[in-house]
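Below is one structure, written out as structure tokens, with a few remarks after it.
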Amino acid sequence: MGRVEGKVAFITGAARGQGRSHALRLAQEGADIIAIDIAEPVAGMDRYYHGATAEDLAETVRQIEALDRRIVAKKADVRDFGALKAALDEGVAELGHVDIVSANAGVFAFGEQSQDVSDAEWDMVNDINAKGVWHTAKAVIPHLIAQGTGGSIILTSSTAGLKGTPNVMPYTASKHAVVGIMRTLALELAPHSIRVNTVHPTGVGTDMILNEATFKLFLPDVEHPTKEQAAPIFASTNALPVPWVEPVDISNAVLFLASDEARYITGTELKIDAGYTIK
Amino acid sequence: MGRVEGKVAFITGAARGQGRSHAIRLAQEGADIIAIDICEPLSENTYPPATEEDLAETVRQVEALDRRIVATKADVRDFAQLKAAVDEGVAQLGRLDIVSANAGIGGTPHKSEDIPEEEWKNMVDINLSGVWRTAKAAIPHIKAGGRGGSIILTSSDAGLFAYENISHYVSAKHGVVGLMRTLALELAPDFIRVNSIHPTTVNTLMVQNEGTYKLFRPDLENPTQEDFAAAAVQMNALPIPWVEPVDISNAVLFFASDESRYVTGVPLAVDAGAAVK
């Protein structure tokens with residue numbers, strides 16, 4: 001008997017990285033999956049790292065189906081409420097219900113002091129990371145309330161949702177906003193036994209941070225910094241002696257919050273941060 | 001394969017209530033148990049004390065799961081007793097990986113200016129210093145294993161915000177958070193993780209007694225459980241008056257297992273949304 005047997009999880013940003021890992025971990029424990037991803041380059045992000053592709057999303061589908069679970073995967077942008085709602089509604093129609101939400105889609109842009117950030121960059125980051133999370137909740141809440149069987153919404157924030165991070169202002173603001181969304185939703189949805197919590201990862205070993213542009217944030221004086229050069233500097237920001245955590249570590253926290261083991265946990269910020277925020 | 005298979009957990013206050021529940025939940029997932037409890041009356045409490053018979057019942061329930069348990073009568077106010085119990089447990093079970101510093105008392109409500117000196121001292125001695133002594137007794141064993149470990153301190157929602165008329169309890173439980181954060185930093189290089197759990201009211205004798213009923217219903221002369229539930233449900237966001245011991249145990253299990261291998265320094269509220277309300 002899996003820990004989320006028979007439940008259906010809606011996951012945004014599921015083509016790769018943490019989102020794919022969440023889909024796999026929940027499917028391993030018995031859930032069916034509704035997966036969405038923009039699965040195309042995001043305008044303004046090309047200077048940081050490459051976006052997920054339709055092929056990535058297809059690989060998530062293959063891996064879920066290899067676990068003998070069902071998955072409905074759609075290409076959709078969290079900034080486009082209509083597209084998001086259509087994808088979710090279709091998933092619910094096919095899989096019968098939705099119980100778990102992982103609002104995971106996000107982008108990491110960085111490198112400038114706040115006074116030098118462009119309006120376009122602020123809008124892009126906050127539209128995806130904050131408004132996209134609200135859109136995700138907005139699309140799913142009517143289903144959860146109508147079902148009347150409670151539910152668990154897990155919003156992916158960051159250590160940057162709890163502490164300031166120099167030269168990463170739009171991202172930091174957007175991830176703090178996620179905490180505000182979580183706290184408000186937790187109160188609004190508690191009467192329906194729908195729980196809402198955030199997860200706050202330190203650096204996670206995915207394409208979002210394992211790229212030269214991010215390494216340069218930590219090693220501005222090195223022309224082409226490598227993962228090996230960056231690792232000790234990442235490690236120095238954590239209390240535990242690790243440079244970053246793995247996607248499965250966030251997935252295990254998502255699984256815990258998704259399962260009935262956490263049936264009375266709501267309004268909580270769960271850090272998976274190797275002690276980053278207490279250091 | 002259990003989620004804490006092959007590990008050994010040291011649990012204080014394990015005769016009944018949350019402590020017994022933690023022992024059983026961890027044993028269900030493959031852990032052996034070192035259990036201690038004072039098993040004696042404490043004058044501050046308005047509820048009946050745990051007994052040696054209670055601790056024996058914990059032993060029976062863990063053994064019924066085919067796990068091993070070393071149970072000893074010991075007081076968290078007495079470091080020598082505590083250390084002897086842990087040392088003996090590790091000698092018999094071979095290692096130490098998990099600590100649940102769970103022992104604690106509820107005390108008697110008073111306005112801060114009316115708390116008797118002895119009651120304040122005893123509250124802090126059990127609910128805060130006892131947690132420190134538990135860690136102090138366990139840390140050398142976990143370090144000696146060289147495999148890291150997980151220390152879980154039971155605080156309370158009263159460790160996150162105030163409740164009137166129990167400032168000794170609130171202060172001790174806030175102190176546990178400071179202890180947790182400091183231990184988390186000190187022990188991180190050895191991969192020993194330290195986190196705290198913050199329950200709302202839990203359905204045990206510590207809460208289900210006339211003293212707590214009166215704390216929550218000062219307006220009534222003889223409040224019943226039903227009167228208490230009506231007030232308690234107001235405190236939580238989710239529409240429930242209290243959580244069950246197993247809900248805290250499931251959080252302990254998450255922190256104890258390798259699923260949370262990079263989680264340290266976290267205060268986790270298991271509180272039906274009381275803190276966010």
Side-chain angles (χ1 to χ4, degrees), chain A residues 3 25 150 159 162 179 182-204 235 238-246 248-257 259-279, chain B residues 3 25 148 160 177-178 180-195 197-203 233 236-244 246-255 257-277:
Chain A
R3 289 163 63 190
R25 191 73 192 90
T159 52
L162 301 168
V179 175
M182 177 276 283
R183 289 188 180 140
T184 305
L185 290 176
L187 291 178
E188 289 180 359
L189 299 174
H192 303 282
S193 294
I194 299 164
R195 303 178 294 105
V196 191
N197 298 284
T198 43
V199 289
H200 298 264
T202 185
V204 183
N238 295 327
L240 293 174
V242 293
W244 42 72
V245 303
E246 298 300 327
V248 71
D249 296 305
I250 316 308
S251 302
N252 280 327
V254 167
L255 171 62
F256 172 66
L257 291 171
S259 77
D260 292 340
E261 292 156 29
R263 64 182 172 166
Y264 298 137
I265 299 182
T266 194
T268 291
E269 297 134 42
L270 179 55
K271 300 179 286 183
I272 306 95
D273 74 346
Y276 174 98
T277 51
I278 59 157
K279 198 171 172 182
Chain B
R3 289 163 63 192
R25 189 75 191 89
L160 300 172
V177 177
M180 177 275 285
R181 291 193 175 124
T182 307
L183 288 172
L185 289 181
E186 289 179 0
L187 299 174
D190 294 294
F191 258 111
I192 300 166
R193 303 179 293 103
V194 189
N195 298 284
I197 298 184
H198 301 263
T200 183
T201 49
V202 183
N203 190 17
V233 76
N236 298 328
L238 295 173
I240 53 164
W242 44 73
V243 303
E244 297 298 327
V246 71
D247 296 304
I248 314 306
S249 302
N250 279 327
V252 168
L253 173 62
F254 173 70
F255 280 138
S257 78
D258 292 339
E259 292 156 29
S260 64
R261 63 183 172 167
Y262 298 135
V263 179
T264 194
V266 170
L268 180 64
V270 184
D271 73 344
V276 80
K277 196 166 174 179

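Keep in mind it's a predicted model, so treat the numbers as computed, not measured. Lettering follows sequence order; numbering is per chain, from 1.
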To check you understand the geometry: which heavy-atom pair defines the closest contact between [X] and [Y], and what is its length?
X	Y	value
A/Lys271	B/Val266	O-CG2, 3.4 Å
A/Ile278	B/Ala184	CD1-CB, 3.4 Å
B/Ala188	A/Ala239	CB-O, 3.2 Å
A/Ala190	B/Ala237	CB-O, 3.2 Å
B/Phe191	A/Pro241	CE1-CG, 3.5 Å

Taking A/Leu187's backbone N and O only, do any of them form a donor-acceptor pair with B/Lys277's side chain (distance below 3.5 Å, no angle check)?
no
List in chain and number order the residues that pass side chain to side chain contact (heavy atoms under 4.5 Å, CB included) with B/Glu244, two or more places apart in sequence or in another chain; answer none if no residue qualifies.
A/Arg263, B/Asn203, B/Trp242, B/Val246, B/Asp247
If you count heavy-atom pairs within less than 4.5 Å of chain B, which of A/Ala274, A/Ser251, A/Gly275, A/Ala262 leads?
A/Ala274
Highest number of heavy-atom pairs under 4.5 Å with chain B: which of A/Val242, A/Thr277, A/Leu255?
A/Val242
Interatomic distance, A/Ile272 atom CD1 to B/Thr264 atom OG1 [nearest 0.5 angstrom]
12.5 Å
Here the gap from A/His192 atom NE2 to B/Leu238 atom CG, rounded to the nearest 0.5 Å, amounts to 11.5 Å
List the steps, then state whether side chain to side chain contact (heavy atoms under 4.5 Å, CB included) holds for B/Ile248 with A/Tyr264.
CA-CA 9 Å; B/Ile248 314 306; A/Tyr264 298 137; over 6 Å; no
Residue from A/Asp273, A/Leu240, A/Asn252, A/Val204 passing side-chain contact (heavy atoms from CB on, under 4.5 Å) with B/Tyr262
A/Leu240
Using the salt bridge (charged side-chain N to carboxylate O under 4.0 Å, His left out) criterion, which residues pair with B/Glu259? Sequence neighbours excluded.
A/Arg3, B/Arg3
Where does A/Ser193 contact chain B at under 4.5 Å (heavy atoms): side chain, backbone, both or neither?
both
Close side-chain approach of A/Leu270 and B/Phe254, heavy atoms under 4.5 Å:
yes
Do you know which of B/Asp190, B/Asp271, B/Leu253, B/Ile240 has the most heavy-atom pairs with chain A at a distance under 4.5 angstrom?
B/Ile240
Given that the side chain runs from C-beta out, which part of B/Ala269 has a heavy atom under 4.5 Å from chain A: side chain, backbone, both or neither?
both
